[in-house]
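Structure first, then comments.
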Amino acid sequence: MGTRFGELHRAGDPLVLPNAWDVASAVALAAAGFAAVGTTSLGVAARYGMADASRAIAEPVRRLAHRLRGLPCPVSVDIADGFADEPEAVAEYAASLGVDGVNIEDSTAGRLVPVEVHAAKIAAVKERCPGLFVNARVDTFWVGQDATVTATIDRAVRYVEAGADGVFVPGRLDGAQIRQITSAVPVPVNVLASSDFSVAELARLGVRRVSCGSLLYRAALDRAVEVAVGLRDGSPAPPATSYGDVQELATRYRPVCG
């Protein structure tokens, strides 16, 4: 399941992972030639008028994961904190998705959870789904708590010991901090795409996965509003993917539901 996905995390040639929020966006990204597609919890939550990382989005996330099983490339799903406190419940949820990878964050309601709590979730998932690529998100810099390289590495190493296949450190880090983390963590390190570094620069810093996170969804919202405002203010309608092409994107493959 996750073996092929894991092989995409190459030193010197990071996996650029675009994050979709529905079937059409995922199929369009796969059709554009991306080697794998992820999901964004913010995009899914916003679609249903819910807060990101709310446990109320567990079912919408699961339904989207099931719809994406038929994609012709590996799929990784953002499952926030696993949508549960109990390791066994997180493992059962992860197993129910039927995808290649999951991203599990070590904060709940904007606060870090004890490192042993998150490590137990990772261990439970790997025991239940040995082939699933588990990306352990370290939220020290993201939530501004214990936001030091030392604390981040300590957490990351504990998660690797628990079985994590990769480590994700979101937040604004400088080049020296990224290099320290990639040098100390013995599995592929993932960061968010940003205006601070190109993918080539991140590769030189040792990064092996660059996620778009909610960027694509937020950019799509910006563009939609821009087009609507332009029409209201007298601009002509811009070119866009045709109605028929969107229909085809959303229905071109038979999803494996269940």
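Basis for what follows: all heavy atoms, side chains included, without hydrogens, waters or symmetry-related copies.
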Heavy-atom closest pair, residues Ala30 and Pro72 = CB-CD, 4.4 Å
Got Ile79 and Tyr93 here, is their nearest side-chain heavy-atom distance under 4.5 Å?
-> yes
Under 30°, 30 to 60°, or over 60°: which ring-plane class applies to Phe5 and Phe133, parallel, tilted or perpendicular?
-> perpendicular
Do the non-hydrogen side-chain atoms of Asp139 and Leu112 ever get within less than 4.5 Å of each other?
-> yes
If two hydrophobic side chains count as joined below 4.5 Å and joins carry through other members, does Leu97 share a cluster with Phe168?
-> no
Specify the closest pair of heavy atoms between Ile122 and Ala136, including all atoms of both residues, with the distance to one decimal.
-> CD1-CB, 3.6 Å
Between Asp100 and Pro74, the two heavy atoms sitting closest are OD2-CA, 3.2 Å
How many angstroms lie between OG in Ser198 and CZ in Arg204, if you round to the nearest 0.5 Å?
-> 6.0 Å
Do the side chain of Thr148 and the main chain of Ala151 share a donor and acceptor less than 3.5 angstrom apart?
-> yes
What are the two closest non-hydrogen atoms of Ala35 and Cys73, and how far apart are they?
-> O-CB, 3.4 Å
Shortest non-hydrogen contact between Val90 and Ala84, atoms and distance = CG2-O, 3.6 Å
Should Tyr159 and Asp106 count as side-chain neighbours, where that means a heavy-atom distance under 4.5 Å?
-> yes
Under the 6.0 Å and 45° cation-pi test, does Arg137 pair with Trp142?
-> yes
Are the side chains of Arg10 and Arg208 in touch, meaning some heavy atoms are under 4.5 Å apart?
-> no
Less than 4.0 Å between a side-chain N and a carboxylate O, is that true for Asp22 and Arg67?
-> no
Side chain to side chain contact (heavy atoms under 4.5 Å, CB included) evaluation trace for Val207 with Thr182 | CA-CA 6 Å; Val207 171; Thr182 60; 4.2 Å; yes
Would Tyr48 and Val23 show up in the same hydrophobic cluster when neighbours are defined by side-chain heavy atoms closer than 4.5 Å?
-> yes
Under 3.5 Å donor-acceptor pairs involving side-chain atoms of residues 184-196, not counting sequence neighbours:
unit_1, atom_1, unit_2, atom_2, d
Asn190, OD1, Asn135, ND2, 3.0
Asn190, OD1, Arg209, NE, 3.3
Asn190, OD1, Ser211, OG, 3.2
Asn190, ND2, Arg209, O, 3.0
Asn190, ND2, Ser211, OG, 3.1
Ser194, OG, Asp196, N, 3.1
Asp196, OD1, Arg172, NH2, 2.8
Asp196, OD2, Arg172, NE, 2.8
Asp196, OD2, Arg172, NH2, 3.4

From CG (Leu15) to CZ (Phe34), nearest 0.5 Å | 10.0 Å
Before giving the answer on side chain to side chain contact (heavy atoms under 4.5 Å, CB included), spell out for Val117 and Glu86 the whole-Å C-alpha distance, their side-chain angles and the decisive distance to 0.1 Å.
-> CA-CA 9 Å; Val117 170; Glu86 302 77 18; over 6 Å; no
Please determine, by modelled atom types, if Thr40 and Asn19 share a side-chain donor-acceptor pair under 3.5 angstrom.
-> no
What about Val160 and Val115, same hydrophobic cluster or not, with Ile/Leu/Val/Met/Phe/Trp/Tyr joined at side-chain heavy-atom distances under 4.5 Å?
-> yes
Any salt bridge between Glu59 and Arg62, counting N to O under 4.0 Å?
-> yes
Do Asp52 and Ser41 have side-chain atoms, one donor and one acceptor, less than 3.5 Å apart?
-> yes
Please say whether more than 12 non-hydrogen atoms of neighbouring residues, nucleotides or ligands are located less than 6.0 Å from CD in Gln177.
-> yes
Hey, could you give me the NZ/CD distance between Lys121 and Glu105, rounded to the nearest 0.5 Å?
-> 9.0 Å
At what distance, to the nearest 0.5 angstrom, does CG of Leu205 lie from OG of Ser183?
-> 9.0 Å
Just wondering, do Val169 and Thr152 contact through their side chains at under 4.5 Å, heavy atoms?
-> yes
More than 12 heavy atoms of other groups within 6.0 Å of Glu127 CD = no
Would you name the heavy atoms of Ala80 and Ala53 that are closest together and state the gap between them?
-> CB-CA, 4.1 Å
Output for pair (Thr108 OG1, Asp81 CG), nearest 0.5 Å, gives 3.5 Å
With hydrophobic residues grouped by side-chain heavy-atom distances under 4.5 Å, do Val246 and Leu64 end up in a single group?
-> no
CA sep, side-chain torsions, deciding dist, call: Val75, Val77, side chain to side chain contact (heavy atoms under 4.5 Å, CB included) = CA-CA 7 Å; Val75 173; Val77 173; 4.1 Å; yes
Pair Lys126 + Asp165, salt bridge at N-O below 4.0 Å | yes
Could you verify whether a donor N or O on one side chain and an acceptor N or O on the other, from Arg155 and Thr140, lie under 3.5 Å apart?
-> no
For the atom pair CG (Asp78) and CD1 (Ile57), what is the distance rounded to the nearest 0.5 Å?
-> 7.5 Å
Side chains of Leu71 and Val27: does their closest heavy-atom pair fall under 4.5 Å?
-> yes
Candidate pair Asp174 and Arg179, rule salt bridge (charged side-chain N to carboxylate O under 4.0 Å, His left out), full reasoning = CA-CA 9 Å; Asp174 63 33; Arg179 171 58 75 183; over 6 Å; no
Tabulate below the donor-acceptor pairs under 3.5 Å that side-chain atoms of residues 216-241 make, not counting sequence neighbours, or state none.
unit_1, atom_1, unit_2, atom_2, d
Arg218, NE, Ser214, OG, 2.9
Arg223, NH1, Glu226, OE2, 3.0

Hey, any chance Trp21 and Met50 share a hydrophobic cluster, counting ILVMFWY side chains that come within less than 4.5 Å of each other, even indirectly?
-> yes
Looking at side-chain heavy atoms only, is the closest gap between Val167 and Val138 below 4.5 Å?
-> yes
Check: Val149 and Ile181 side chains under 4.5 Å, non-hydrogen atoms | yes
